[in-house]
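Notes follow once the structure below has been shown.
Quick note: numbers below take in every heavy atom, side chains included, and nothing from hydrogens, waters or symmetry partners. Nothing here was measured: the structure is a model prediction, and the numbers come from that model.
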Amino acid sequence: MSSRRVAVVGAGIVGLSIAHEFSLAGDTVTVIADRSAAESVSGVAAAVWFPYRSGASVSLMSWLVQSRTRFEQLAADHATGVDLRQGVVVERHPGADRTWTAAVPDHREADPGDLPLGAVAGVRATVPVISISHYLPWLLKRCEDLGVTFVRRTVARVDDLAGAADLVVVAAGLRSGDLLDDDTMFPVRGQVVRLANPGITEWVTDDDNPHGLTYVVPRRDDVVCGGVARVGSWDTEVDPETERAILRRATALMPALAGLPVLSRDAGLRPARDTIRLEHVEEHAVPVIACYGHGGSGVTLSWGCAEAVVDLAGPA
């Protein structure tokens with residue numbers, strides 16, 4: 001029996017993870033995209049495992065657990081760029097949503113000394129931190145070693161792939177809505193600045209900081225400081241004043257950042273939706289599965305959603 005031909009539209013971290021899983025299952029996989037993973041919003045991600053703006057889904061918890069488990073397995077191999085690191089989720093209001101902790105066995109109440117002024121509580125947890133500059137090349141090579149083919153071009157219509165594929169998976173971030181006539185997608189602008197890392201290992205997130213969303217994620221080669229979450233903004237230019245504000249907030253949260261050299265800066269658009277869309281899509285000339293709308297959780301949910309897509313597709 002010949003293998004099924006699967007076309008994955010989108011080469012970000014979700015698309016690559018899906019391609020990896022289909023190829024591992026024995027399918028013949030082609031990834032089609034107009035840009036590489038590093039050029040997509042995946043390349044901007046701070047990439048700490050945490051469900052940020054992931055929307056609602058009845059399957060969210062299982063995807064979180066599956067992804068965390070896979071990343072923990074990958075952390076055993078230094079070449080992947082995945083590390084398990086402790087950090088703190090700061091809570092500014094009583095009764096903060098802690099449903100995410102059900103997916104993290106290693107969590108506990110944060111010590112008051114770990115919290116900034118104005119915090120009412122917090123959670124200390126050990127989670128995967130993914131150094132994107134190491135992880136994306138590793139994942140790309142894994143796909144290539146499994147036989148995945150890469151084609152760089154823009155897909156104008158899903159039906160254009162009929163005849164060349166037995167199944168199409170749309171995992172193209174913000175472009176997914178255009179390809180599947182879905183007007184529920186919207187951008188959430190993000191901006192980061194990357195500092196030299198003198199040896200910091202602990203991350204911290206402070207989503208409800210009164211001065212703006214703040215997070216500090218130390219990776220192997222840098223410390224990612226953010227951020228912003230501007231709903232509906234399509235602006236991908238780095239704004240200097242926004243960067244200065246990010247650095248003020250991040251340094252207040254972690255004084256050890258003061259004076260560290262800036263290595264790079266970036267901005268990107270999180271592909272958001274009220275709910276992640278992971279389902280069969282009817283009325284196309286070729287069978288289609290949608291997998292998009294991950295917001296700020298593309299990395300966090302990548303493996304869980306990839307496994308779910310393969311399960312949904314069923315055997316060839």
Checklist entry - Testing Leu247, Leu263, Thr242 for side chain to side chain contact (heavy atoms under 4.5 Å, CB included) with Val193, which one passes? => result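 It is Leu247; the other options fail the test.
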
Item to check | Single hit among Val204, Thr214, Val90 for side chain to side chain contact (heavy atoms under 4.5 Å, CB included) with Pro116 | outcome: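 Answer to the side chain to side chain contact (heavy atoms under 4.5 Å, CB included) test with Pro116 among Val204, Thr214, Val90: Val90.
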
Checklist entry - Could you walk me through whether Phe71 and Tyr135 pass the side-chain contact (heavy atoms from CB on, under 4.5 Å) check? => result CA-CA 11 Å; Phe71 279 125; Tyr135 181 71; 3.5 Å; yes

Does a side-chain N-to-carboxylate-O contact under 4.0 Å join [X] and [Y]?
{"X": "Arg194", "Y": "Asp221", "answer": "no"}
{"X": "Asp207", "Y": "Arg92", "answer": "no"}
{"X": "Lys141", "Y": "Glu144", "answer": "no"}
{"X": "Asp222", "Y": "Arg219", "answer": "yes"}

May I ask you to decide if [Y]'s main-chain N or O and [X]'s side chain share a donor-acceptor pair within less than 3.5 Å?
{"X": "Ser23", "Y": "Leu146", "answer": "yes"}
{"X": "Asp159", "Y": "His284", "answer": "no"}
{"X": "Asp77", "Y": "Ala79", "answer": "yes"}
{"X": "Arg189", "Y": "Asp235", "answer": "yes"}
{"X": "Arg68", "Y": "Pro128", "answer": "no"}
{"X": "Asp97", "Y": "Thr99", "answer": "yes"}
{"X": "Ser42", "Y": "Ile13", "answer": "yes"}
{"X": "Arg265", "Y": "Glu243", "answer": "no"}

May I ask you to check whether over 12 heavy atoms, not counting those of [X], lie within 6.0 Å of atom [atom1]?
{"X": "Arg35", "atom1": "CZ", "answer": "no"}
{"X": "Glu237", "atom1": "CD", "answer": "no"}
{"X": "Glu283", "atom1": "CD", "answer": "no"}

Between [atom1] on residue [X] and [atom2] on residue [Y], distance to nearest 0.5 Å:
{"X": "Arg5", "Y": "Asp166", "atom1": "CZ", "atom2": "CG", "result": "4.0 Å"}
{"X": "Asp106", "Y": "Thr101", "atom1": "CG", "atom2": "OG1", "result": "12.0 Å"}
{"X": "Glu21", "Y": "Asp27", "atom1": "CD", "atom2": "CG", "result": "11.0 Å"}
{"X": "Gln66", "Y": "Leu64", "atom1": "CD", "atom2": "CG", "result": "9.5 Å"}
{"X": "Glu307", "Y": "Ser67", "atom1": "CD", "atom2": "OG", "result": "7.0 Å"}
{"X": "Leu139", "Y": "Thr80", "atom1": "CG", "atom2": "OG1", "result": "10.5 Å"}

Can you give me the closest heavy-atom contact between [X] and [Y], atom names plus distance?
{"X": "Met254", "Y": "Ile200", "answer": "SD-CG2, 3.8 Å"}
{"X": "Leu278", "Y": "Cys291", "answer": "CD1-SG, 4.1 Å"}
{"X": "Ala121", "Y": "Glu109", "answer": "CB-OE2, 3.8 Å"}
{"X": "Pro94", "Y": "Val120", "answer": "N-CG2, 3.8 Å"}
{"X": "Ala196", "Y": "Leu260", "answer": "O-CD1, 3.4 Å"}
{"X": "Thr154", "Y": "Arg175", "answer": "CG2-NH1, 3.8 Å"}

Item to check | Thr126 and Glu72: CA distance, side-chain angles, deciding distance, side-chain contact (heavy atoms from CB on, under 4.5 Å) verdict | outcome: CA-CA 10 Å; Thr126 299; Glu72 288 184 350; over 6 Å; no

Hydrophobic cluster membership, [X] vs [Y], 4.5 Å side-chain cutoff:
{"X": "Val14", "Y": "Leu269", "result": "no"}
{"X": "Val9", "Y": "Val151", "result": "yes"}
{"X": "Val41", "Y": "Val238", "result": "no"}
{"X": "Val216", "Y": "Trp203", "result": "no"}
{"X": "Leu16", "Y": "Val148", "result": "yes"}

Next on the checklist: Apply side-chain contact (heavy atoms from CB on, under 4.5 Å) to residues His211 and Arg248 and explain how you reach the verdict.
Outcome noted: CA-CA 10 Å; His211 301 292; Arg248 285 195 297 270; over 6 Å; no

Next on the checklist: Checking side-chain polar atoms at under 3.5 Å, does Thr184 have a donor or acceptor matched by the opposite partner on Arg273?
Outcome noted: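 Yes.
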
Checklist entry - For Arg220 and Ser131, does a side-chain donor sit closer than 3.5 Å to a side-chain acceptor? => result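 Side chains of Arg220 and Ser131: no pair found under 3.5 Å.
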
With the side chain counted from C-beta on, respond yes when [X] and [Y] share a heavy-atom pair under 4.5 Å apart, and no when they do not.
{"X": "Asn209", "Y": "Tyr215", "value": "no"}
{"X": "Leu180", "Y": "Arg277", "value": "yes"}
{"X": "Val155", "Y": "Val168", "value": "no"}
{"X": "Asp111", "Y": "Arg124", "value": "no"}
{"X": "Val82", "Y": "Trp138", "value": "no"}
{"X": "Thr30", "Y": "Val8", "value": "no"}
{"X": "Cys143", "Y": "Val31", "value": "no"}
{"X": "Trp303", "Y": "Thr69", "value": "no"}

Checklist entry - Does the side-chain contact (heavy atoms from CB on, under 4.5 Å) test come out yes or no for Val262 and Leu195, once each step is laid out? => result CA-CA 5 Å; Val262 173; Leu195 307 180; 3.7 Å; yes

Item to check | Of all pairs that satisfy ring pair (Phe, Tyr, Trp, His ring centres under 6.0 Å), the ones with a partner from residues 72-126, not counting sequence neighbours | outcome: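 Listed by first then second residue: Phe50-Trp100.
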
